[in-house]
Amino acid sequence: MAMVVDVASWVLLTVGGFFVLVGGIGALRMPDLYTRMHAASVTDSLGAMLVLGGLVLQAGITLETVKLAAILIFMLFTSPTAANALASAALLAGINPGLAKPWRQEPRS
Amino acid sequence: MTVFTVFFIIFLLTLMVITALAIVQTKNLFAAAMLSGIFSLMSAMIFFLLDAADVALTEAAVGAGISTVLFLGALALTAENERAGTAGRAAALAVVTVITAVLVYATFDMPRLGDPNAPAQLHVAPWYLEKTPEYIDVPNVVTAVLASFRGYDTLGETFVVFTAGIGVLFLLGKAPVGQPKVSPAMTFAGKTGLRHYQIPRVVGRLLIPFILLFALYVQFHGDYSPGGGFQAGVIVAASVVLYALLEGEEQARQALPAWLLRLMAATGPLIYGFTGVACMLLGGNFLDYSVLAHDPVHGQHYGILVIEAGVGVTVTGVLISIFHSFAARGAK
Amino acid sequence: MIYYAVIVAILVTMALALARALIGPTVYDRVLAVNMLGTKTVLLLAVAAFFIGRPDFLDLALTYALINFIGVLAVLEFFRVRAQRSLAEEKEGE
């Protein structure tokens, strides 16, 4: 039984790590601020959920599980809020979504 | 400590060096403030890996949190970029090189990490570890050492925090001479703060009670887990700063007026000192809590509880006062 | 053993985020990178608490989660103040 829990926990942690890494690569490689924010959000939502879920399996029903749940709920509240605040500040400062440009421009003849 | 942990720490140290070089190199002060936040994040992580959870918690709350907020508050008062100073560059480089060489030379005499024969392991540390269950009986030895065995040191630190607060208030409390005053809307957190940003405001207000609850947990659970008065005080101050950011600094000042904050800053050292005097009146030594209750171990528990509360009150009062004095500087 | 992969993944992500913080190019990119580093530190602290066998140290990760959010709001407020000031300076210039 302990073996099954460990394997399940390993799978969750590793898949979570994979999503965190993908988000990190995206945050470095994406072409403009807003797409980078999109990539970064993957690490905070899916990555955090999977990693903390994997840790919950390790912790079992203890005070640690409550703390992990508190961390997860906190991150799920704050990181979209922070992203929204940052995006609105950037938009107000006049930074335009770069990828939207070719779509809006007149087609070149 | 496994090989993996060592590589883990070396990787973090490498990132720290890169960050430090970038801080030195950049002329943009905002970028430097952000990078110093990153630097602090990583050093807290390393403290944590070296099993120093209390220090890591302090670094997390002060270095990455409150310092960044204070840096930004100060930056709002000044220019965007560092002024280029060219005078004395060669001399500065020489001084830095010499000091680095001396420090590197000094590390050769340092004991290896975890060496059982290191002076730190041979002096009083074994005695503390051995006697804590007998004399004080709290699981977190750091709290026992900090609050009881070395209670004088912590009393001193509390006074240092108090004095530092007074110093900052002296420097920044008075209106700047010869500079035009600006409307409160243009000062950090100012009159309205982020009131127009509805989403952060709703979420932030929702979180404040939980942050305060967590601060109480850190304060009163410090005997059992990392934490105590210093860390809890910083977290309470952080929640008040969050309130000031969301609702405006003026609103926060109404909730916790300046006289109350100053009173709090002064109360902590007084509580601490009177605890020591009470111990003397009950027939013990100064800050020997054993006489505070019917049996010595309970007395120690009461003493630690009271002085940690004093430390927490001081840190809260001082940090919020410092935040206000930065935020309100130059306002009409 | 089960923590090795996720620790390496988070550490590499922190390095990538640090690279983004260094190259910018706008201040918002830097803030994004700092925020991302903060949340990655929360995850790393949580994993490391289990890795070094001290899950009771999770308080630290919780503190970081709180502090990180306040930092981002402080940055936002800083941008607001700076925008207000430059607006006022433009008015004076007219």
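Proteins get letters first, then strands, A, B, ... in listed order; numbering begins at 1 in each. Excluded from the calculations below are hydrogen atoms, water molecules and symmetry mates; all remaining heavy atoms, backbone and side chain alike, are included.
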message: Given heavy-atom pairs under 4.5 angstrom as the criterion, report whether the side chain, backbone, both or neither of C:Ala9 touches chain A.
response: both

message: For A:Ile71 versus C:Ala61, what's the shortest heavy-atom pair and its separation?
response: CD1-CB, 3.7 Å

task: Would you mind checking which part of C:Leu32 comes under 4.5 Å of any heavy atom in chain A, side chain (CB onward), backbone (N, CA, C, O), both or neither?
output: both

message: Given heavy-atom pairs under 4.5 angstrom as the criterion, report whether the side chain, backbone, both or neither of A:Leu52 touches chain C.
response: side chain

query: Between atom CZ of A:Arg36 and atom OG1 of C:Thr26, what is the distance when rounded to the nearest 0.5 Å?
result: 7.0 Å

message: Can you tell me which portion of C:Val42 sits under 4.5 Å from chain A's heavy atoms? Options are side chain, backbone, both or neither.
response: side chain

query: Quick one: does C:Leu58's side chain get under 4.5 Å of A:Leu68's, heavy atoms only?
result: yes

query: So which part of C:Asp29 gets closer than 4.5 Å to some heavy atom of chain A, the side chain, the backbone, both or neither?
result: both

message: Under 4.5 Å from any heavy atom of chain C, what part of A:Ser9 do you find: side chain, backbone, both or neither?
response: side chain

statement: Correct closest heavy-atom pair for C:Phe79 and A:Ala89 would be CD1-CB, 4.3 Å

Heavy-atom closest pair, residues A:Leu55 and C:Val47: CD1-N, 3.8 Å

- prompt: Between A:Leu21 and C:Val8, does a side-chain contact (heavy atoms from CB on, under 4.5 Å) hold up when you go through it step by step?
  reply: CA-CA 9 Å; A:Leu21 189 61; C:Val8 171; over 6 Å; no

- request: Go through the atoms of A:Met75 and report whether side chain, backbone, both or neither lie under 4.5 Å from a heavy atom of chain C.
  value: side chain

field: Contact summary for C:Ile2 and A:Asp6, nearest pair of heavy atoms
entry: CG2-O, 4.2 Å

query: Which region of C:Ala17, side chain (C-beta onward) or backbone (N, CA, C, O), has a non-hydrogen atom less than 4.5 Å from a non-hydrogen atom of chain A, or is it both or neither?
result: neither

